[in-house]
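First up is the structure itself, then whatever we jot down about it.
Residue numbering restarts at 1 for every chain, and letters A, B, ... go by the order of the sequence lines.
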There are 2 protein chains.
Amino acid sequence: MSSPSTRARGRPARLDRPGTVETALRLLDESGLDALTMRRLADALGVQAGALYRHFATKQELLTAMAERMLAGVPAAAGDGPGEGAARDWSEQLADLARDLRTALLARRDGARVFAGTHSTGVNTLGFAEAVTGVLREAGFGDEGAARALMTVAGFTVGHTLEEQAAVQPGNEDSADPERLRRAVASGSFPHLTASLPTLTSTDFTGHFEFGLRLLVQGLRAVEQEQEQP
Amino acid sequence: MSSPSTRARGRPARLDRPGTVETALRLLDESGLDALTMRRLADALGVQAGALYRHFATKQELLTAMAERMLAGVPAAAGDGPGEGAARDWSEQLADLARDLRTALLARRDGARVFAGTHSTGVNTLGFAEAVTGVLREAGFGDEGAARALMTVAGFTVGHTLEEQAAVQPGNEDSADPERLRRAVASGSFPHLTASLPTLTSTDFTGHFEFGLRLLVQGLRAVEQEQEQP
DNA sequence: ACCTGAACACCGTTCAAGT
DNA sequence: ACCTGAACACCGTTCAAGT
């Protein structure tokens, strides 16, 4: 019973999952998602590309682990309780959770694209979902309403951040390009779009996000009574 | 002045943009986005891959043209007026526009993924945006509120349909996989998620979509007075 | 047990040359 | 003017062989 640890006697492994994910996230920040290839990651780790497949079955599995890692600390920040004052309103807690998710995705280059392309079932991701449904169920929403509200809020937040990062990054093959939009709107007959164009091309993404968030929270307030459990 | 048309005397071109986009959309339906390569598309058109670059500068430009084509008819369907009865409420018109967008994206395999990865400024896409902002501005919303509501509704609809198509397609490398989610939730301590799990793993996507849409519409109704122009 | 070396079956894109 | 042929510089993934 000399506790032979999880690694048998022999050369220590040069690769492990946490270290590989950390290096992958660093490469993501440096060069973006399109430049994150298994070969380049292997290079950065001083290893051959094939060696990565001993730790991740596919590139998709690596991306899922990266998405999960990006959410570290998000659920904890929201569960920090009411502090010294009174317990916060459910709508403020919900809005803060959405803000924390957006912040976590914005913290890494192409963070929303990585997250949107995966479906992590790790503790960070499930912890976030647990926190959101918890706030809503404890506020009186039913199981179904809480689940659907989670999906709506998460979908909105990821969708918004996807657009935000696409617009902000200058070299992202896509590029929202406000100039092209302006020319296209001017070249056709779109009176309503013309009037709203300054807002549509504005870079006040926090303002846009808060507007959508308020819509969702106010919408939830409006259906609160129907959702309440007697 | 014998109107020499846009094509000079010579062999007729074998490729043109509309035909190429149509074939690309057929391939998309048959094999999905991951299998839609420039080489396979060229094969289907009986041409070498390099020939495609005389009509589309990049694959991204082709995908943008495909996204634009997918929205054909969507703005027209919404602008069909009140018919014989009274004019419909702005909220019903807005909800119908969002439903039409979802339907158009669902009509093609990976439609939401194609649409989310592009930023078309063609008449179909701008026509849809014009219809949404038009409904809102004529209902009394300001230019800024109408623009932000458009972004929120479009972002929600695309985000929802992205998840819906990822869950529905069985061979899509990603796969939402309800079984894996069930196991992960059961293996940790997530009481609220456990309660909401039946809804989270349900395939009533229309129900989920209508819930989110109602939230947004009710939210807009709640902020209607602040947004109204005096 | 873990990694190397090398291959397999592809990609998007470019460009001289043909017609 | 439009397309072919062929190349360039890559991909993700697999797997026998080494240590």
Considering only heavy side-chain atoms of A:Arg54, the closest of D:dC3, C:dC3, C:dG12 is C:dC3

Send over the distance from A:Asp16 CG to C:dA1 P, rounded to a whole Å.
18 Å

Grab the CE-C1' distance between B:Met38 and D:dC10 for me, whole Å please.
16 Å

Taking the same atom, C1', in C:dC3 and in D:dA16, what whole-Å distance lies between them?
13 Å

Should D:dG18 form a Watson-Crick or G-U wobble pair with both distances under 3.5 Å, which nucleotide is its partner?
C:dC2

Tell me whether the OP1 or OP2 atom of C:dG5 has a side-chain N or O from A:Gln48 closer than 4.0 Å.
yes

Give me the ring orientation class for A:Phe205 and A:His160: parallel if the planes are under 30° apart, tilted from 30 to 60°, perpendicular past 60°.
perpendicular

Rounded to whole Å, how long is the line connecting atom CG of A:Leu33 with atom P of D:dG12?
11 Å

Rounded to whole angstroms, how far apart are CZ on B:Arg14 and P on C:dT19?
13 Å

A:Val47 side-chain proximity, nearest of C:dT14, C:dC3, D:dC3:
C:dC3

Rounded distance (Å) that lies between atom P of C:dT13 and atom OH of B:Tyr53:
4 Å

What is the distance from CG of B:Leu52 to P of D:dC2, rounded to the nearest Å?
14 Å

Rounded to the Å, how far apart are B:Leu45 CG and D:dC2 P?
16 Å

With B:Thr103, which residues qualify under side chain to side chain contact (heavy atoms under 4.5 Å, CB included), at least two apart?
none

In the structure shown, which nucleotide is the Watson-Crick or G-U wobble counterpart of D:dT13, with both distances under 3.5 Å?
C:dA7

Looking only at non-hydrogen atoms, find the nearest pair between B:Ser120 and B:Thr64 and report the distance.
CA-CG2, 3.7 Å

For a quick test of reading the model, state the closest non-hydrogen atom pair linking A:Gln165 to A:Gly111 and the distance between them.
OE1-N, 3.2 Å

At less than 4.0 Å, is any side-chain N or O atom of A:Arg39 found next to OP1 or OP2 of C:dG5? Yes or no.
no

Separation of the C1' atoms in D:dA9 and C:dC10, to the nearest angstrom:
13 Å

Nucleotide C:dT14, atom C1' - distance to NZ of B:Lys59 in whole Å
17 Å

Quick one: on DNA chain D, does A:Ala51 or A:Leu36 contact a more 5' nucleotide (nearest heavy atom)?
A:Leu36

How about B:Arg69: does its CZ atom have over 12 heavy atoms from other parts shown lying under 6.0 Å from it?
no

Is the distance from OP1 or OP2 of C:dC3 to the nearest side-chain N or O of A:His55 less than 4.0 Å?
yes

5'-most contact on DNA chain C (nearest-nucleotide basis), B:Arg40 vs B:Gly50, goes to B:Arg40

